[in-house]
Amino acid sequence: MTDGPDEGMLSWDESVFRNEHVFEIDYVPETFKHREEQTRSLTYALRPAVRGSRPLNVMVRGPPGTGKTTAIQKLFDEVGAQTSDVRTIRVNCQVNATRYSVFSRLFEGTFDYEPPSSGISFKKLFGQIAEKLVEEDRVLVVALDDVNYLFYENEASDTLYSLLRAHEEYPGAKIGVIVVSSDPALEVIEELDSRVQSVFRPEDVYFPVYDQPEIVDILDERVKRGFHDGVISRETLERVAELTAESGDLRVGIDLLRRAGLNAEMRASRTVEMEDVEEAYEKSKYISLSRSLSNLTDTERALLEVVANNDGDQAGDVYEEFHERTDLGYTRYSEIVNKLDQLGLIAADYADVDGRGRSRSLSLAYDRDAVLDRLE
Ligand SMILES: Nc1ncnc2c1ncn2[C@@H]1O[C@H](COP(=O)(O)OP(=O)(O)OP(=O)(O)O)[C@@H](O)[C@H]1O
């Protein structure tokens, strides 16, 4: 750097970023620190598949942003590099929340094209996938990522039952299942039908939240790849880690770094300072809120908006307004209330109401304006 008058100031063609892409949501990190034990357990469960046998089923649990999806992606990449005799398919259940839609994804992963849009029966869809497996003598490993969404739609038992009993209907079909859940309130196994429970005895792999020193360690790697040298001080990075640890979701930290970098550029500064981080946090702290909202249907969004406008009201009163807006009945209403509650968007608490016995009151789990802004 020179001692000229512009020292410390960015010009138009300069950037604090060496590679902004490392802060994007779909970026798969080169290194995956502090998950050695979990990676070992997953590898152990999948090892039989590489030898041509049915792998162990696995249940992966842990709060949001603790590396579950990344671990599976890395594992599948590794299996793919070892052998072509194993087909690995990850299904995002936030998007594919019914048995039919999960199997459509499996069809696509098997044949490299989508099932006919005119629609075929579930039995046919399943039959074609299984027959292809047997014909190719391949093992299929299915990861049901964010499986909690299958539970919200009451589709989990049927989906798992079909996958786990496939070899009975299609002899020779070898399928292993990894279910991934980020809902701490969901006791995955207990909530499955007993017919599924009797065949599903998965290995347990738990992903705890990262502690602050671990977060510093992981984010430091991104900083090195993403920012030019000297852009962010250790002290500022530690503040980022401290804010990230408040939610436990590593996505907050990654988003914080990116936004703080953009804020620094906005000030035409070559360095990211505390003020850039604090300002960025006002947005980054809502990243999990934005993520949950982006997957809601129109009626679910409508209900959330009604709750936002009647924060703390009784479920019965909220229903009336919801019904007026959507014309939907009480059963559907209750299902959506439960889903929003399980997603941590609202809290549905029982309370005594004068003279009316016990009733649920619905309140928002986030700041009202933050929710309404993001629903627009
Ligand atoms: N150990 C790690 N090293 C580097 N990056 C990581 C690590 N763990 C998580 N990440 C990053 O954090 C983000 C969230 O991770 P990931 O999607 O794997 O979490 P998750 O547990 O599957 O979350 P959710 O339950 O919400 O789906 C991703 O951008 C991922 O790259």
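All ligand and atom numbering here is 1-based and tracks the order in the structure.
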Could you go step by step and tell me if I189 and M59 meet the side chain to side chain contact (heavy atoms under 4.5 Å, CB included) rule? CA-CA 9 Å; I189 303 280; M59 184 166 67; 4.1 Å; yes
[X] N/O under 3.5 Å from ligand 1 N/O:
{"X": "G65", "result": "yes"}
{"X": "L250", "result": "no"}
{"X": "D145", "result": "no"}

Which residue holds the protein heavy atom closest to [atom], what is that atom called, and what is the gap in Å?
{"atom": "atom 24 (P) of ligand 1", "result": "R251 NH2, 3.4 Å"}
{"atom": "atom 29 (O) of ligand 1", "result": "I254 CD1, 3.7 Å"}
{"atom": "atom 25 (O) of ligand 1", "result": "K68 NZ, 2.7 Å"}
{"atom": "atom 5 (N) of ligand 1", "result": "R222 NH2, 3.0 Å"}
{"atom": "atom 16 (P) of ligand 1", "result": "T70 OG1, 3.5 Å"}
{"atom": "atom 19 (O) of ligand 1", "result": "G67 N, 3.2 Å"}
{"atom": "atom 2 (C) of ligand 1", "result": "F32 CD1, 3.4 Å"}
{"atom": "atom 3 (N) of ligand 1", "result": "I218 CG2, 3.4 Å"}

Between [X] and [Y], is there a side-chain N and carboxylate O pair less than 4.0 Å apart?
{"X": "K285", "Y": "E246", "result": "no"}
{"X": "R267", "Y": "D276", "result": "yes"}
{"X": "K68", "Y": "D146", "result": "no"}
{"X": "R259", "Y": "E282", "result": "no"}

Ligand-side contact atoms (ligand 1) for residue partner [X], heavy atom cut-off under 4.0 Å:
{"X": "T66", "value": "19 (O), 20 (P), 21 (O)"}
{"X": "T31", "value": "3 (N), 4 (C)"}
{"X": "P29", "value": "4 (C), 5 (N), 31 (O)"}
{"X": "S182", "value": "25 (O)"}

May I ask which of Y210, Y27, F23 has a heavy atom nearer to atom 8 (N) of ligand 1 than the others do?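 Of the listed residues, Y210 has the closest heavy atom.
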Should the pair R99 and F122 be classed as cation-pi, given the thresholds of under 6.0 Å to the six-membered ring centre and 45° from the axis?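 Geometry flag: set, cation within 6.0 Å and 45°.
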Mind checking whether [X] has a heavy atom under 4.0 Å from ligand 1?
{"X": "R291", "answer": "yes"}
{"X": "V180", "answer": "no"}
{"X": "H34", "answer": "no"}

So, for F107 and F126, is the gap between ring centers shorter than 6.0 Å?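 They do not qualify: ring centres at least 6.0 Å apart.
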Where does the angle between the aromatic ring planes of Y319 and F322 fall among parallel (under 30°), tilted (30 to 60°) and perpendicular (over 60°)? tilted
Classify the ring geometry between F227 and F17 as parallel (under 30°), tilted (30 to 60°) or perpendicular (over 60°). parallel
Return yes when atom CZ of R195 has more than 12 non-hydrogen atoms of other residues, nucleotides or ligands closer than 6.0 Å, and no otherwise.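 Correct, the count exceeds 12.
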Verify, without hydrogens or angle tests, whether R222 (side chain) and V22 (backbone) share a donor-acceptor contact under 3.5 angstrom.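 Yes, because the side chain of R222 sits within donor-acceptor range (under 3.5 Å) of the backbone of V22.
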Between E320 and H323, is any side-chain donor less than 3.5 angstrom from a side-chain acceptor?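 Distance-only check fails for E320 and H323.
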